[in-house]
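Notes for the one structure printed next.
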Amino acid sequence: LALRLKATAAEVIKKLMANGVFATVNDTIDFDTASLIAMEFHAKVEKEVVVTIEERIIDDSEDDEANLVPRAPVVVVMGHVDHGKTSLLDAIRHAHVTDTEAGGITQHIGAYRVKIGDRDITFLDTPGHEAFTTMRARGAQVTDIAVLVVAADDGIMPQTVEAIHHAKAANVSIIVAINKMDKPGANPDHVLQQLTEYELVPEEWGGDTPCIRVSAKKKEGIDDLLEMITLVADLKELKANPDRAAKGTVVEARLDKGRGPIATVLVQNGTLHTGDIIVAGTAVGRVRAMTDENGKRIQSAGPSVPVEITGLDDVPAGGDIMNAVSDERLARELVEQRRNEQKEAMFNSQTKVTLDNLFDQMQQGEMKELQIIVKADVQGSVEAVRQSLEKLSNDEVRVKVIHGGVGAINESDVMLANASNAIIVGFNVRPDPVAEDNAKRSGVDMRLYRIIYDCIEEMESAMKGMLAPKF
Ligand code: GDP
């Protein structure tokens, strides 16, 4: 500062002292102090605005209400294994593919659209909550509506419960498809009854959860389900601005021997054109060819449209955010920067909440809600722990159990914790090896206890910043 003021360090320090700031040449002074001192030397200090590469090439300004037009809903199908997710997606697809003149060969690109009247619905073609939650963990908010498939002859099962919690954690609307209605043992009323235990009260019982009876096998009730999806979508007033640079999410990606990296991208805002320069995670390139789910070449894709693209220099990961950008050289610089950040992040994944940093995060006002996943050997313990933990809520932080279940801590629990920044506690259960490995890699805090009291006590101490350090 002295140098720029054409003064000596001693003169600057003298002025600082006169203003009550006792600094030495080795100290740093803030902008306001520097401005004050500069004024005394009849100079003016200006703040340098640092613009990141992202800000220079990615247009992420808020869209004007006037530019927004309705967009199709994006739907994911979730539920317990064998309850008919794949069958339902197939039934929907065969009844209602958008474009039947394209040679009839539908391709699996990870998502597809169906037409219902003059409306589109976009389905993610990977059933289950794994893909969904992996995407969410990467910050991608892709889906608007979850169709929860429950087999009418089997009722709510453990993965159904997981799916409900995943959907709720992501704030997406739930529509229940009670499947296998053709089976002799079908008991839809039992399913409705069970749903109420998870705060999903069926519409027909005065609640707000639509429940549609279907048979994926006999292709019955499919139209009712699709109609319900458009109704729910209408209520959500989903909108996007087609007249801006495209922004979307990578749904899946692979390397093709001949064509290089191929990615399916779901455009969420703006319109993607062939020739656009794009950045997806740490991959960069120009959109060379773009095809839709029917294998048809297209030149542009608007909001809620899934497309398969070639032209990237690397295979992005599912869930990576994709942006069309204005400058190829800067785009490459940005990708380089992200690659370096990724390397660094591998060494220090310390942004996740843990019992050890909980208090600090609360102090900094960053934690308003502490989310917890409880796994135990018996249902009774799950409930007991849930109640005791939630009672720890105070003015600063609310304690909320977002998922509880019986059995070992599994991969799905870790993914949910990772996506929701939650802590996992286990009682008389252990993580399976995959879960343990994933938790380590993603920095998810997992605590195992034998006695409920120990858990409550430790949690309470952590919230007070008095947790004994572990050695
Ligand atoms: P997913 O694991 O949830 O994807 O379930 P699938 O779609 O693979 O279906 C599991 C099994 O249930 C398969 O044998 C299907 O043929 C059968 N299934 C699916 N939907 C129906 C249905 O509506 N009625 C009957 N009877 N069987 C069905």
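Atoms within a ligand are numbered from 1 in the order they appear, just like the ligands themselves. The basis for the numbers below is simple: all heavy atoms, side chains too, and nothing from hydrogens, waters or symmetry mates.
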From the candidates Lys85, Met181, Lys219, the one that places a heavy atom nearest atom 3 (O) of ligand 1: Lys85
Sub-4.0 Å atoms of ligand 1 with respect to non-hydrogen atoms of Ser215: 23 (O)
Ligand 1 contact on Thr86 by region, counting heavy-atom pairs under 4.0 Å: both
Which segment of Asp82 sits under 4.0 Å of ligand 1 when only heavy atoms are counted: both
Residue Asp208 excluded, over 12 heavy atoms near CG under 6.0 Å: no
Worked verdict on Lys375 versus Asp413 for salt bridge (Lys or Arg N to Asp or Glu O under 4.0 Å): CA-CA 9 Å; Lys375 292 301 283 279; Asp413 298 325; 2.6 Å; yes
Numbered atoms of ligand 1 (with element) below 4.0 Å of His80, judged on heavy atoms: 3 (O)
Short side-chain donor-acceptor distance under 3.5 Å, Ser420 and Gln371: no
Within 6.0 Å of CD in Glu65, more than 12 heavy atoms from elsewhere: no
Test item: Ser87 and Lys217 side chains (from C-beta on) under 4.5 Å apart, heavy atoms: no
His83 and ligand 1 - part of the residue with a heavy-atom distance under 4.0 Å: backbone
Any N or O of Gly84 closer than 3.5 Å to N or O of ligand 1: yes
Pick from Gly79, Ser87, Ala177: the one approaching atom 16 (O) of ligand 1 most closely through a non-hydrogen atom: Ser87
Residue pair His108 / Asp125, side-chain donor-acceptor N/O under 3.5 Å: yes
Contact (N/O only, under 3.5 Å) between Asn179 and ligand 1: yes
